[in-house]
Structure formats: C-alpha cells, structure tokens
Amino acid sequence: QVQLVASGGGLVQAGGSLRLSCAASGRTLSGFGMGWFRQAAGKERAFVGGVSWSGGTNYAEPVKGRFTIFRDEAKNTVYLQMNSLKPGDTAVYYCNVVLIQGSAWQPLYNWGQGTQVTVSS
C-alpha cells in the first residue's frame, strides 16, 4: 500500500500562485497515473487533473489553463502548480494513484493527508 501526503497549501490572494507536492512512500509512482482531487466545504471530492504514466495530462474544465501537473520520478513526487487562483479554488487538495479508463480517472487507494488551499478575494 502506498502512502500519499499532499503538502504546500496555504492562504493566498486571488490571482496568486501555489505549488502543491504529493510525496509517496511505500512504492514507486513510476509507471502509474497520478491525480489531484479537491474537496470544498460541503461538496463532494472532485477531480482536478492528472498525469498518466507516460506524461499525458488531463484537467477539469474549471482549472484548464491555470493549473499544471508534472512529476519528478527521481523524487517520487507529483506536483500541482496552481496559477491565477480564484476564491472558488478554495478546498482541501488530495492526491492519489489513478486508474485511467477512457475519460475517467479513478482514484485507487485510500485517501491520505490533504492540504488546505484558501484563496481570499
């Protein structure tokens, strides 16, 4: 079982940037798709974006053009670069290994520790 810990969240003003990290322990992430998800207060967890094992990316419409996902195999870490942040991006952000089936990117493992992102207007 892989342990996933998201970090890098914080409080930022609208229009600002943050970079989140997803560190894995227990197994290598190489060869696996990885996804970022977020859960705003009172809402269900939602897919934000992901990167496949080969480097292909997929993003939810609300974040396209603002968020970028990339991975560092040597560090066994996946990143979420968030630019032009909006108050609507406020949520707890999580990462997970994903199973990619067509257009569906499904989380595989139990959720690890998320990181809070708060965007003020």
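Source: prediction; values computed, not measured. We count residues from 1, following the sequence as given.
Hydrophobic clustering places Val78 together with Val63 (ILVMFWY residues linked when any side-chain heavy atoms are closer than 4.5 Å, directly or through intermediates). Residues Tyr59 and Leu20 are members of one and the same hydrophobic cluster, defined by side-chain heavy-atom contacts under 4.5 angstrom among Ile, Leu, Val, Met, Phe, Trp and Tyr. No path of Ile, Leu, Val, Met, Phe, Trp and Tyr side chains, each step under 4.5 Å between heavy atoms, connects Val98 with Leu4, placing them in separate hydrophobic clusters. Follow the hydrophobic side-chain contacts under 4.5 Å out from Tyr93 and you reach Val2 in the same cluster.
Every residue meeting the side chain to side chain contact (heavy atoms under 4.5 Å, CB included) condition with Ser84, not counting sequence neighbours, appears here in chain and number order: Arg66. Every side chain to side chain contact (heavy atoms under 4.5 Å, CB included) that Ser7 has, sequence neighbours left out, goes to Ser21. With sequence neighbours left out, the side chain to side chain contact (heavy atoms under 4.5 Å, CB included) criterion links Ala14 to Pro87, Val119. The side-chain hydrogen bond (donor to acceptor under 3.5 Å, both in side chains) check on Ser17 picks up Asn83, with sequence neighbours excluded. Here Glu61 pairs with Lys64 under the salt bridge (charged side-chain N to carboxylate O under 4.0 Å, His left out) rule; sequence neighbours left out.
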Under 3.5 Å, which donor-acceptor pairs link side chains of residues 68-75 to any protein atom two or more places apart or in another chain?
residue : atom : partner : partner atom : Å
Arg71   : NE   : Glu73   : OE2          : 3.2
Arg71   : NH1  : Phe32   : O            : 2.8
Arg71   : NH1  : Ser52   : O            : 3.0
Arg71   : NH2  : Leu29   : O            : 2.8
Arg71   : NH2  : Phe32   : O            : 2.9
Asp72   : OD1  : Ala74   : N            : 3.0
Asp72   : OD1  : Lys75   : N            : 3.2

Which side-chain N or O atoms in residues 102-115 pair as donor and acceptor under 3.5 Å with protein atoms at least two apart or in another chain?
residue : atom : partner : partner atom : Å
Tyr109  : OH   : Arg27   : NH1          : 3.1
Thr115  : OG1  : Gly9    : N            : 2.9

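For the atom pair Gln116 CD and Leu11 CG, the distance stands at 9.5 Å (nearest 0.5 Å). Atom CG of Leu18 is separated from atom CZ of Phe67 by 9.0 Å, given to the nearest 0.5 angstrom. The distance from atom CH2 of Trp36 to atom CZ of Phe47, rounded to the nearest 0.5 Å, is 12.5 Å.
For the residue pair Leu80 and Val48, the shortest heavy atom distance occurs at CD2-CG1, 4.5 Å. Minimum interatomic distance between Thr77 and Ala23 (heavy atoms only, all atoms of both residues): OG1-CA, 4.2 Å.
Residues Trp53 and Ile100 have side chains not in contact (no heavy-atom distance under 4.5 Å, counting atoms from C-beta outward). Gln13 has its side chain out of reach of Leu85: every pair of non-hydrogen atoms, C-beta onward, lies at least 4.5 Å apart. Between Val12 and Met82, every side-chain heavy-atom pair lies at or beyond the 4.5 Å cut-off.
Pairs engaging residues 90-117 under the salt bridge (charged side-chain N to carboxylate O under 4.0 Å, His left out) rule: none recorded [sequence neighbours left out]. Residue pairs satisfying the salt bridge (charged side-chain N to carboxylate O under 4.0 Å, His left out) criterion with at least one member in residues 101-114, sequence neighbours excluded, are absent. Identified under the salt bridge (charged side-chain N to carboxylate O under 4.0 Å, His left out) test for residues 104-121, with sequence neighbours left out: none. Here disulfide bond (SG atoms under 2.5 Å apart) pairs that include residues 7-116, with residues two or more places apart or in two chains, are Cys22-Cys95. For residues 35-57, the salt bridge (charged side-chain N to carboxylate O under 4.0 Å, His left out) pairs, not counting sequence neighbours, are Arg38-Asp89.
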